[in-house]
Each structure stands twice: as C-alpha cells, then as structure tokens.
Amino acid sequence: MKIAVSGAAGRMGRRITALATENPEVEVVAALEMSTNPLMGQDVGVVAGVGNLGVFISGDIDKAISKSDALIDFSSPEASLDHLRAVSKTGKAMVIGTTGFSEDQKRQVADLAKNMKCLMAPNMSLGVNLLFTLVEKVALALGDAYDVEIVESHHNQKKDAPSGTAVKLAEIIADSLKRDLNEVGVYGRKGIVGARKPSEIGVMALRGGDIVGEHTVMFVTGGERLELIHRAHSRDAFARGAIQAAIWVHDKPNGLYDMRDVLGLKD
Ligand code: NAD
C-alpha cells in the first residue's frame with residue numbers, strides 16, 4: 001500500500017520513511033513538511049538516510065492524499081487537524097501519532113473521524129500499549145488504597161508536557177478508579193502544598209538530552225510500592241507501530257481506532 005509521511009523531516013518522520021523501505025507491504029509515495037522547512041524539495045529518502053527514493057518533500061497536502069492510501073502524520077496538533085480535515089473529504093485513511101492536542105482539538109478529531117478511517121495513538125509501541133492494559137488491571141486490583149504517581153522523561157526538544165502517553169496513562173487510571181482526571185490530576189508540586197490527597201493522580205514531566213521516552217507508574221502504599229516502567233531505546237518501535245497501524249486501518253470501516261485495536265489488546 002502507498003503511504004504519505006507528514007512531518008517527513010522530523011525525528012519520527014525520518015524513521016518512518018527509513019523503516020518503510022524495509023517493509024515490502026508499503027511504499028512511501030509522498031512526503032509533507034511545513035512550507036518554511038529548509039529541507040523542502042529534498043528527496044525524503046536522502047533526508048531519512050536511506051538514499052534516493054524519488055519522492056520529494058512538499059507542502060501539497062491534496063497531492064499527497066491523492067497519491068496515497070494512508071497518511072501517517074507526526075507533526076503538530078494544528079497541522080495534524082488541518083490534514084485530518086483534508087483526508088476526511090476523501091475515502092483515504094489517516095494515522096495520527098502527534099501528541100499535545102487540547103480537549104477541544106481531541107473532540108474535533110473524534111467528530112471528523114466518524115466519517116473516515118482514522119487511528120490516533122499517543123504511543124505506537126507494543127510495550128507501551130501493553131503498559132496501558134497492565135496499569136488498568138493494577139489500578140482495578142489495588143483500588144483506592146494505593147497512591148498513584150506517574151513520572152515521564154523525554155529529550156530536551158519535546159514541545160508538549162506531560163507526554164501524550166503520560167496523559168493516557170493518567171486517563172486510564174482515573175477511569176479505572178472512577179475519578180475525574182480534571183479534578184484529581186496534579187501536574188508538578190511546589191511550595192507548601194500540604195499533604196497529598198488520596199485521590200490525587202500525580203503526573204511529573206522531566207526533560208533532558210536525548211532521552212527517547214520513559215514512563216514509570218507507581219502505586220504506593222504504607223510498606224510497599226509497585227512500579228511499572230517502560231523505556232524506549234529508539235524511535236523505531238513507534239515508527240514500526242505507525243506503519244503497522246496504517247496497514248491495519250486502511251481497509252477498516254470508518255471510525256476512530258487506537259493502537260490497542262491493532263494489537264488485539266482490547267477486551
Ligand atoms: P519533530 O519536531 O522532530 O518533527 C515534527 C515535524 O513536523 C517537523 O519537521 C516540522 O517541521 C513538521 N511539521 C510542522 N508543521 C507541519 C505541517 N503543517 N505539515 C507537515 N509537517 C509539519 O518532532 P517528533 O519528535 O518527530 O515528534 C512529532 C510528534 O509526534 C510530537 O507530537 C511527538 O510528541 C509525537 N510522537 C508520538 C509518538 C507515538 O508513538 N505516537 C512517538 C514519538 C513522538
């Protein structure tokens with residue numbers, strides 16, 4: 001199948017292009033970037049370090065959609081939403097890996113996705129999606145007796161905080177414990193904040209160097225602590241997952257899916 005890569009000159013876009021060349025099921029036929037990107041017009045294969053592919057980075061979303069079966073987008077929330085609007089007018093599919101959407105933007109994605117094939121996931125790796133399933137089980141088993149804290153670490157260029165993955169972890173735990181994350185989510189602590197409320201779900205974001213992505217979920221009570229940790233060693237698990245997601249979603253009925261649908265991790 002034919003894929004278009006959006007955010008093609010970015011960290012994720014480059015790995016998606018490179019790994020697509022190793023996958024006989026897919027072919028990169030278009031590459032999209034922001035009009036001001038200095039790599040505009042360059043061969044996307046050269047940018048990704050895999051040699052000439054004869055596909056040149058452009059800003060023409062309509063052409064990219066018409067050439068491809070699915071658009072894989074790792075760019076910015078605003079760009080992904082614009083691209084989603086364009087894809088929704090066609091019969092094509094879209095995979096969104098971008099994170100940092102506001103609640104209102106997430107609602108817009110859900111509305112547009114009703115009439116198209118769309119897969120959106122803040123994390124495309126098998127390990128993190130298993131972590132989503134595990135934290136749900138642990139939260140249900142331990143209930144309110146354990147304090148829940150989430151710590152995430154990422155590289156110093158990451159724009160959004162906390163990470164989309166940490167937000168998803170917090171949402172899953174809040175749902176399992178029947179709490180409203182808007183009321184119980186605590187994002188950083190400073191000053192005389194007083195004793196921790198038992199219902200709090202703490203989410204802390206660390207930034208530094210080239211950390212690809214780490215998430216720790218702690219369930220803590222008097223006398224013991226259970227920690228579930230995922231560490232990404234490279235972006236390849238996310239890039240492979242995004243390609244797998246595009247192959248999976250492109251012939252599904254219209255609707256909004258996530259990576260747990262692809263991996264068969266939903267009950
Ligand atoms: P990056 O900044 O390296 O790359 C983003 C690219 O998008 C840049 O090259 C930028 O020029 C481009 N872009 C901006 N506007 C655009 C537009 N209108 N059209 C086309 N391209 C445009 O960032 P990154 O590390 O590659 O991450 C990109 C996004 O993916 C972030 O939101 C990040 O949090 C998310 N991410 C998701 C996963 C996952 O598994 N879902 C994994 C890693 C990163």
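These values consider heavy atoms only, across backbone and side chains, with no hydrogens, waters or symmetry-generated copies. We count ligands from 1, going down the list as the structure has it; atoms in each ligand are counted the same way.
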Between the side chains of Q157 and R11, does any donor sit under 3.5 Å from an acceptor? no
Does the pair R179/E171 count as a salt bridge with the N-to-O cut at 4.0 Å? no
Only one of T99, D73, V95, I96 clears side-chain contact (heavy atoms from CB on, under 4.5 Å) with M120; which? I96
Atom 14 (C) of ligand 1: closest protein heavy atom, distance to 0.1 Å, is M34 SD, 3.7 Å
Give a yes/no verdict on whether any heavy atom in G100 is under 4.0 Å from an atom of ligand 1. no
Closest heavy-atom approach to atom 36 (N) of ligand 1 among P122, P38, G97 is made by G97
Under 4.0 Å from any heavy atom of K159, which atoms of ligand 1 are there? 2 (O)
So, regarding A9 and ligand 1 (criterion: nitrogen or oxygen to nitrogen or oxygen, under 3.5 Å), is there a contact or not? no
Using a distance-only test with no angle check, is there a side-chain donor-acceptor pair under 3.5 angstrom linking D60 and S58? no
Before signing off on this row, confirm whether S125 and ligand 1 have an N or O atom pair separated by under 3.5 Å. no
Between D251 and K117, does any NZ, NE, NH1 or NH2 come within less than 4.0 Å of an OD or OE carboxylate oxygen? no
Under 4.0 Å from a heavy atom of A121: which atoms of ligand 1 are those, numbered in the order shown and with their elements? 41 (N)
More than 12 heavy atoms of other residues, nucleotides or ligands under 6.0 Å from CZ of R231: is that the case? no
Quick test: of every protein heavy atom, which one is nearest to atom 40 (O) of ligand 1, and how far off is it to 0.1 Å? M124 N, 2.8 Å
Quick check: does T98 get an N/O under 3.5 Å from an N/O on ligand 1? no
The atoms of ligand 1 lying under 4.0 Å from a heavy atom of A79, numbered in the order shown, are 15 (N), 16 (C), 17 (C), 18 (N)
Backbone or side-chain N or O of K158 under 3.5 Å from ligand 1 N or O: yes
Geometry only, no angles: is G13 polar-contacting ligand 1 at N/O separations under 3.5 Å? no
Please find the pair of heavy atoms, one from M40 and one from M34, that lie closest to each other, and give the distance. CE-O, 3.1 Å
Salt-bridged, K266 to D258, with N to O below 4.0 Å? yes
Of all the heavy atoms in R14, does at least one lie under 4.0 Å from an atom in ligand 1? no
Atom 26 (O) of ligand 1 - nearest protein heavy atom and its distance: M12 N, 2.8 Å
At what distance is the nearest protein heavy atom to atom 4 (O) of ligand 1, and which residue and atom is it? G10 CA, 3.3 Å
Counting N and O atoms only, with roles assigned by atom type, does the side chain of K137 sit under 3.5 Å from a partner on the main chain of T133, one being a donor and the other an acceptor? no
Considering only non-hydrogen protein atoms, determine which one is nearest to atom 38 (C) of ligand 1 and report residue, atom name and distance to 0.1 Å. F74 CE2, 3.4 Å
Within a radius of less than 6.0 Å around CZ of R225, do more than 12 heavy atoms belonging to other residues, nucleotides or ligands occur? no
Protein heavy-atom partner closest to atom 3 (O) of ligand 1 - residue, atom, separation in Å: R11 N, 2.9 Å
Whether H83 lies under 4.0 Å from ligand 1, heavy atom: yes
Protein heavy-atom partner closest to atom 11 (O) of ligand 1 - residue, atom, separation in Å: E33 OE1, 2.6 Å
Given N123, N37, L81, T99, which one has a non-hydrogen atom that is nearest to atom 31 (C) of ligand 1? T99
Expected output: side-chain N156 to main-chain R207 donor-acceptor under 3.5 Å: no
Is it true that atom NZ of K2 has more than 12 heavy atoms of other residues, nucleotides or ligands lying nearer than 6.0 Å? no
Near S6 (heavy-atom distance under 4.0 Å), the atoms of ligand 1 are 20 (C)
Please identify which atoms of ligand 1 are closer than 4.0 Å to at least one heavy atom of F238. 40 (O), 42 (C), 43 (C)
Using a strict 4.0 Å threshold on nitrogen-to-oxygen distance, state whether R196 and E149 make a salt bridge. yes
Going by the atom numbers of ligand 1, which of them fall below 4.0 Å from some non-hydrogen atom of D160? 34 (O)
Distance from atom 29 (C) of ligand 1 to nearest protein heavy atom, with residue and atom: S75 O, 3.8 Å
Please give me the minimum heavy-atom distance between R14 and L39, naming the atom from each residue. NH2-CD1, 3.4 Å
